[in-house]
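One structure is given here, and the rest of the page talks about it.
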Amino acid sequence: MFERRFGYIGFVLVIALAAGGLAGAPTRAQDSDAQDMETALRLASLLRSARSAISANQDLINDPKGGDKGLTGDHVLVLATKAYLEANGTEPLHEGQDPKEARLIAAQMAAIRAVMDENQATINADGVGFKGFVPAVFGRLVNENFAVLVGAEARVKVTAPPDLVRNRKALPDDWETKVIETRLMAPDWPKGQVFAEATELDGKPVYRVLVPEYYGAGCLSCHGEPAGEIDITGYPKEGGREGDLGGVISISIFR
């Protein structure tokens, strides 16, 4: 196995050549790693962009007044694409894109559309304030739908340090737990830096990428202080502070 670290700001991808390879052309393995890394970060970025659309419309979603609120799958995809374009300088699907990447991105877009369309009754419910349709729930549903569409090609999962996971389906596996605890949570780990490794998963070769996510001010109403206080979703707050590691997007690209 081999491992590499990458810095991620917006969508800047930095590839470090292996020792002794600086003077030569990249190897086939390096080319494969670079493409899988790019694909993984694009999947993470599109998921983030779609969640941001849900977050920006949370008040509308929770408005107890019934009726069509216009948050269809197509509309949310428009909002997500705009946010993605601003973050990455290109649309999710574009000319010259790697075929596998395009296939996975298209599946993720289809999953976003499907989740929104399947939850219209909840979003538009009359007389109900808090709907429970929050970015975290939306993201989980998108990832589950994506898994059905792409099968054994890839997986996307939002997890966190084990003590912060609210849904047992999102618990990190052994590899994720080790990386989170020994790398992403280490005092000297550069904030925002992702971790990537070519390894195995379910007995198959895979390129795995973990993208750390940190609590922002808007997260603290549910995840902040005081620890133990019940938040609007019915869970006890974790006592987190702005800037703390609060979650991890885990992407696996099978080979």
Side-chain angles (χ1 to χ4, degrees), residues 1-48 88 90 92 96-108 111 139 143-144 146-162 165 169-186 188-213 245 247-255:
M1 293 191 301
F2 98 133
E3 73 180 43
R4 237 180 230 142
R5 299 180 192 174
F6 297 81
Y8 180 60
I9 301 176
F11 196 75
V12 178
L13 176 61
V14 180
I15 303 296
L17 295 180
L22 295 176
T27 66
R28 181 175 298 178
Q30 289 166 350
D31 286 342
S32 179
D33 292 345
Q35 180 56 63
D36 286 346
M37 180 59 146
E38 180 175 343
T39 298
L41 291 181
R42 290 189 182 278
L43 288 168
S45 184
L46 182 55
L47 179 63
R48 281 174 159 173
N88 302 292
T90 183
Q97 192 167 19
D98 174 76
K100 183 176 181 179
E101 177 180 292
R103 188 164 61 250
L104 293 177
I105 290 290
Q108 192 178 45
N143 292 338
E144 291 173 356
F146 175 79
V148 172
L149 293 174
V150 303
E153 280 198 283
R155 295 180 191 171
V156 180
K157 168 185 174 184
V158 178
T159 186
V165 174
K169 292 181 180 180
L171 281 169
D173 62 24
D174 290 344
W175 180 87
E176 291 164 335
T177 298
K178 180 180 178 181
V179 174
I180 289 170
E181 293 180 345
T182 65
R183 300 302 184 99
L184 304 187
M185 295 183 70
D188 60 347
W189 187 260
K191 189 171 182 178
Q193 182 167 291
V194 308
F195 181 91
E197 184 177 30
T199 181
E200 289 189 354
L201 180 60
D202 297 338
K204 301 175 183 178
V206 65
Y207 193 74
R208 305 194 72 178
V209 178
L210 294 186
V211 181
E213 298 195 296
L245 180 70
V248 178
I249 302 179
S250 177
I251 309 100
S252 300
I253 309 293
F254 288 93
R255 294 176 165 176

request  = Just jot down the salt bridge (Lys or Arg N to Asp or Glu O under 4.0 Å) partners of Asp98, sequence neighbours excluded, or say none.
outcome  = none
message = Using 0.5 Å steps for rounding, measure from the NZ atom of Lys157 to the CG atom of Leu171.
response = 7.5 Å
query = Is any side-chain heavy atom of Arg155 closer than 4.5 Å to a side-chain heavy atom of Asp202?
reply = yes
query = When rounded to the nearest 0.5 angstrom, what is the spacing between CZ in Phe254 and CZ in Arg208?
reply = 7.5 Å
query = So Arg183 and Leu210, side-chain contact (heavy atoms from CB on, under 4.5 Å) or not? Walk me through it.
reply = CA-CA 10 Å; Arg183 300 302 184 99; Leu210 294 186; over 6 Å; no
request  = Check whether any side-chain heavy atom of Val248 lies under 4.5 Å from a side-chain heavy atom of Met185, and answer yes or no.
outcome  = no
request  = With rounding to the nearest 0.5 Å, note down the distance linking CG in Leu43 to CD1 in Ile249.
outcome  = 10.0 Å
inquiry  = So which atom in Phe195 and which in Glu197 form the shortest heavy-atom distance, rounded to 0.1 Å?
reply    = CE2-CB, 3.8 Å
Spacing of Leu201 atom CG and Trp175 atom CH2 [to the nearest 0.5 Å] = 9.5 Å
message = Testing the basics here: between Leu47 and Gly139, what is the closest heavy-atom pair and its distance to 0.1 Å?
response = CD1-CA, 4.1 Å
Where Ala160 and Ile180 come nearest, the two heavy atoms and their spacing = O-CD1, 3.8 Å
remark   = Residues Val165 and Pro172: closest non-hydrogen pair is CG2-CD, 3.9 Å
ask   = For atom NZ of Lys100, is the number of surrounding heavy atoms from other residues, nucleotides or ligands below 6.0 Å larger than 12?
value = yes
Separation between CZ of Arg42 and CD of Glu101, rounded to the nearest 0.5 Å = 5.0 Å
task = Classify the side-chain pair Ser250/Glu176 by whether it contains a donor and acceptor separated by less than 3.5 Å.
result = yes
request  = Tell me, please, which residues at least two apart from Glu213 pass salt bridge (Lys or Arg N to Asp or Glu O under 4.0 Å).
outcome  = Arg48, Arg51
ask   = Going through the checks in order, is the side-chain contact (heavy atoms from CB on, under 4.5 Å) test met by Val156 and Leu104?
value = CA-CA 11 Å; Val156 180; Leu104 293 177; over 6 Å; no
key: Nearest atoms (heavy-atom pairs only) where Val209 meets Ala196   = CG2-CB, 4.0 Å
ask   = Between Asp36 and Arg255, is there a salt bridge with N-O shorter than 4.0 Å?
value = yes
request  = Please confirm whether the backbone N or O of Ser32 pairs with a side-chain atom of Gln35, one donor and one acceptor, at under 3.5 Å?
outcome  = no
note = For Ala44 and Ile251 the tightest heavy-atom approach is CB-CD1, 3.9 Å
request  = Only counting residues at least two apart or in another chain, list the ones meeting side-chain contact (heavy atoms from CB on, under 4.5 Å) with Ala147.
outcome  = none
